[in-house]
Amino acid sequence: MSDDRTIRLAVRRVRDSLRQPFASNRVEKDLRINRTIIIVVVSLVALVVLGSPGSSQPHNYEFTNGNWSNGEKFVARKFYSVGGVLTTRKPAQVDRTIDLAGKYVVPPFGEAHNHNLDWSSDAQFATLKRMYVEGVVFYVKTPNSLPRSKQTLAGRINIPTSIDGIFSNGGLTASGGHPIEIVTPQRGFKPTDGEGAFYFVIDNLSDLDRKWPSIKAGKPDFIKTYLLYSEEYPKRKDDEAYFGWKGLDPAILPAIVRRAHGDGLRVSTHVETATDFHNALVAGVDEINHTPGFRPEKNDVANYKNLSRYEISEADARLAARNHTVVVTTMGETINWTFDGKESANYRLAVRAMLVHNLQLLRKRGVTIAIGSDSFRKTSVPEALSLARLKVFDNLTLLKIWCEATAATIFPKRKIGHLKEGYEASFLLLNGDPLLDFTNVQKIESRFKEGEFLSLAP
């Protein structure tokens, strides 16, 4: 929430609390005077802050001659941005009228799975921010992160002039499970970044009971959990040959979900296989990170020989739809490999058919799909373009997945992802119709976020 929105909400709450009935007539006069003074003081502070040169109080804009997406097609209409909110009602004052010259207006894009939202220096963050803003990806979800990532980014993200993001903090896995193998000095991790920071080892319910207070104390935005080849959990549990290629005991996941939901936290689960997918659904998770088969075991394409282990079943697709479980893609690199790899064409085509099967089945059964790349040096733009290359979705469906469903799984309580009355005034202006040619999502004329134009400058 931006500073100005926070202040307005605080002022409103103070005023509401001060308007409660008085305790007695005897003190009514004194209390009325005191309350009046407090209201005036709080209001003056808000005016000073919101009116200061560095404030982000939005102007009132009138946008004419634009083709606005309504979720089904582009419609010529007029919109206003008033106080950072979209409306079709003209305000008493319009600060600026902008002719969109027939260009195409769509909601901003989202990135439902990445781990690159971090700050190590002003220069590094400026590059990262520009990469996201340039690609018009405004919303980012980080499923597994160091607590300090969230702390160092305070004031740099989740403001109108930057990108918005949420973090799970450390993920929940088993001994020797993913992502423990990532925590090495070569990757920039410190000795204190392991247990209790980047991950929490949960081997049994006693571990969950003991560590949950620390997990909760970190104030995660959601909970990240791991299932990897859970059909072989007993086999992999104590075998060091599977270090980093195993995860939680699937029998423990339901208890984690209950604990998280009891504290108002959604749960995302990493999966590799169709069995992982099933176990996550049975546990009641809210989001599945990765579509089964998004990568081969140990990232070796030779391990794609048993493709049936990745194929989602009809029953599980129906269950995902009933549970309103969101499935995040993260398959762009594999899609491209099936087109451009050096292995035999038939082998690559078989893998592509498995990916197509999973996506088509999810779509057929009405499962919500979100776009995430899990590509550290990129955003979700290449992922979306790879999905377009696969031709499972028509351009409208793919655009809705990227704009609507992806934004909703990142910030489910915000009015974003649609260009509607009362929604946040955030949108992209494109120089071409993405419904005719999906690559037009790259032809960006301008970016508008929470009531103001967004600059590419640091």
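Start at 1 with the first residue, then count along the sequence. What you see is a predicted model; the values in this text were computed from it and never measured.
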For residues 247-256, tabulate all N or O donor-acceptor pairs below 3.5 Å that involve a side-chain atom, not counting sequence neighbours.
| residue | atom | partner | partner atom | Å |
| --- | --- | --- | --- | --- |
| Asp249 | OD1 | Ala251 | N | 2.9 |

Check the pair Leu86, Lys420 against side-chain contact (heavy atoms from CB on, under 4.5 Å), reporting the backbone distance first and the verdict last.
-> CA-CA 7 Å; Leu86 283 176; Lys420 293 181 178 180; over 6 Å; no
Evaluate the side-chain proximity of Met354 to Tyr304: yes if any heavy-atom separation is below 4.5 Å, no if none is.
->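 Counting from C-beta outward, Tyr304 and Met354 do come under 4.5 Å.
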Side-chain contact, heavy-atom cut-off 4.5 Å: Trp402 with Leu398?
->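 Sidechains of Leu398 and Trp402: no contact.
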Can you pull the ring-ring contact (aromatic ring centres under 6.0 Å, His included) pairs that have at least one residue in residues 211-232, sequence neighbours excluded?
-> His178-Tyr226, Tyr226-His270
Qualifying ring-ring contact (aromatic ring centres under 6.0 Å, His included) pairs, either residue in residues 348-385, two or more places apart =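 Not a single pair qualifies under ring-ring contact (aromatic ring centres under 6.0 Å, His included).
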With respect to Glu424, which candidate in Lys449, Arg414, His418 satisfies the side chain to side chain donor-acceptor pair (under 3.5 Å) definition?
->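 Exactly one option meets the side chain to side chain donor-acceptor pair (under 3.5 Å) with Glu424, and it is Arg414.
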What pairs of residues pass the salt bridge (Lys or Arg N to Asp or Glu O under 4.0 Å) test when at least one of them lies in [range], not counting sequence neighbours?
{"range": "residues 364-392", "result": "Glu314-Arg365, Asp340-Arg389"}
{"range": "residues 198-215", "result": "Glu195-Lys211, Asp207-Arg210, Asp209-Arg259"}
{"range": "residues 342-352", "result": "none"}

Test: [X] and [Y] ion pair at under 4.0 Å:
{"X": "Arg266", "Y": "Asp221", "value": "no"}
{"X": "Glu297", "Y": "Arg236", "value": "yes"}
{"X": "Asp394", "Y": "Arg363", "value": "yes"}

Between Asp276 and His290, is any side-chain donor less than 3.5 angstrom from a side-chain acceptor?
-> no
Report yes or no: does Ser230 contribute a side-chain atom to a donor-acceptor pair with the main-chain N or O of Leu227 at less than 3.5 Å?
-> no
